[in-house]
Amino acid sequence: MKKLVILLSALIVALGCAAQEVYAPVPAPLSPIERTHGQRVVGTTTDVAMIALPVATLAGVIIAQDWEGLKQGVYTAVAAGAANYILKFSVRELRPDHSNYHSFPSMHSTVGFATAAFVQRRYGWKWGAPAYAVATYTAVGRVIAKKHHWWDCVAGAAIGAASAYIFTTPWARKHEFAVAPVASETDMGLCASFTF
């Protein structure tokens, strides 16, 4: 119950920071810097990765019927999002492309690393390593796309991973989860087993 009260308080503060943005004077951004075609492509792929990773994770959690994991994932998302918004609207750092003052910290990195750390902590490194690879691409891509400075992405990654490690407990040990390769003369694949 204490975690829920803390999360709701953080969410209220974050919403207050967002509301303050509407009324507080903010310097006008400088004229935007034109990004190259490659930078725009990387920016678009990082947008897709930021959405695809949590959606795929949510689908996996629902398929596994891991309702405790779903609750922990929601706590992780709320904590990471609230911390990110509080900092984003308090620090007001200019983006490298001069588009606005919401550079620090990187929300893409926060979402990516919160999801990856949740997956790794809850289901193990077999699933966490690919999730971390996508999260790392997202963070590096935001720097390449001139949407964030490197320190924005490092801070976002730390916020996301810390949130997941605070709220997530391992699922694999409790349910004796195991994944093993299976092969025959004509087929190959993976076999997964766990107990309820």
Side-chain angles (χ1 to χ4, degrees), residues 1-15 18 44-86 105-142 153 155-196:
M1 186 66 179
K2 287 186 347 188
K3 287 182 182 179
L4 185 60
V5 170
I6 292 169
L7 284 174
L8 289 175
S9 300
L11 188 59
I12 289 168
V13 170
L15 291 173
T44 301
T45 59
T46 58
D47 290 341
V48 171
M50 184 184 88
I51 294 168
L53 187 58
V55 168
T57 300
L58 177 62
V61 168
I62 291 171
I63 288 168
Q65 296 182 354
D66 180 14
W67 309 124
E68 180 63 24
L70 180 63
K71 183 172 80 172
Q72 293 173 7
V74 169
Y75 286 165
T76 297
V78 171
N84 190 287
Y85 273 110
I86 289 168
S106 165
M107 179 61 86
H108 285 65
S109 298
T110 299
V111 170
F113 278 87
T115 305
F118 167 80
V119 169
Q120 178 269 315
R121 182 118 166 99
R122 189 82 179 146
Y123 305 110
W125 280 105
K126 292 176 186 173
W127 302 103
Y132 272 116
V134 173
T136 301
Y137 168 76
T138 302
V140 171
R142 298 307 284 173
C153 294
I159 290 167
S163 298
Y165 268 80
I166 289 169
F167 293 105
T168 309
T169 58
W171 181 81
R173 286 184 222 142
K174 179 181 174 187
H175 295 281
E176 298 174 14
F177 182 71
V179 177
V182 179
S184 69
E185 291 179 15
T186 58
D187 299 313
M188 56 190 269
L190 291 175
C191 174
S193 66
F194 60 90
T195 58
F196 288 97

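One distance of note links OH of Tyr123 with OG1 of Thr57; it measures 8.5 Å at 0.5 Å rounding. Taken from CE in Met107 to OG1 in Thr138, the straight-line distance is 13.5 Å, to the nearest 0.5 Å. From Leu70, atom CG reaches atom OH of Tyr75 across 11.0 Å, with rounding to the nearest 0.5 Å.
Here the shortest heavy-atom pairing between Ser106 and Asn84 reads O-ND2, 3.4 Å. The two residues Ala116 and Ala135 make their nearest non-hydrogen contact at CB-CB, 4.1 Å. When all heavy atoms of Gly112 and Leu53 are compared, the pair lying nearest together is O-CD2, 3.7 Å. Contact between Gly141 and Thr46 at its shortest, heavy atoms only, is CA-CG2, 3.7 Å. Of all heavy-atom pairs spanning Ala139 and Cys153, the tightest one is O-SG, 3.3 Å. In this structure, Ile159 and Pro105 approach most closely via the heavy-atom pair CD1-CG, 3.8 Å.
When side chains are defined from C-beta on, Phe167 does not count as touching Arg121, because their heavy atoms never get closer than 4.5 Å. At least one side-chain heavy atom of Tyr137 sits under 4.5 Å from a side-chain heavy atom of Thr45. Contact annotation: the side chain of Thr76 approaches that of Thr168 to within less than 4.5 Å [non-hydrogen atoms, C-beta and beyond]. Counting heavy atoms from C-beta on, the side chains of Ile63 and Gln65 never come closer than 4.5 Å.
A salt bridge links Arg142 and Asp47; the closest N-O separation between the charged side-chain nitrogens and carboxylate oxygens is under 4.0 Å.
Note on ring orientation: taking the six-membered ring where Trp is involved, the planes of Tyr132 and Phe113 are tilted (angle from 30° to 60°).
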Take Arg122 and Thr169 through the side chain to side chain donor-acceptor pair (under 3.5 Å) test and state the conclusion after the steps.
CA-CA 6 Å; Arg122 189 82 179 146; Thr169 58; 3.1 Å; yes

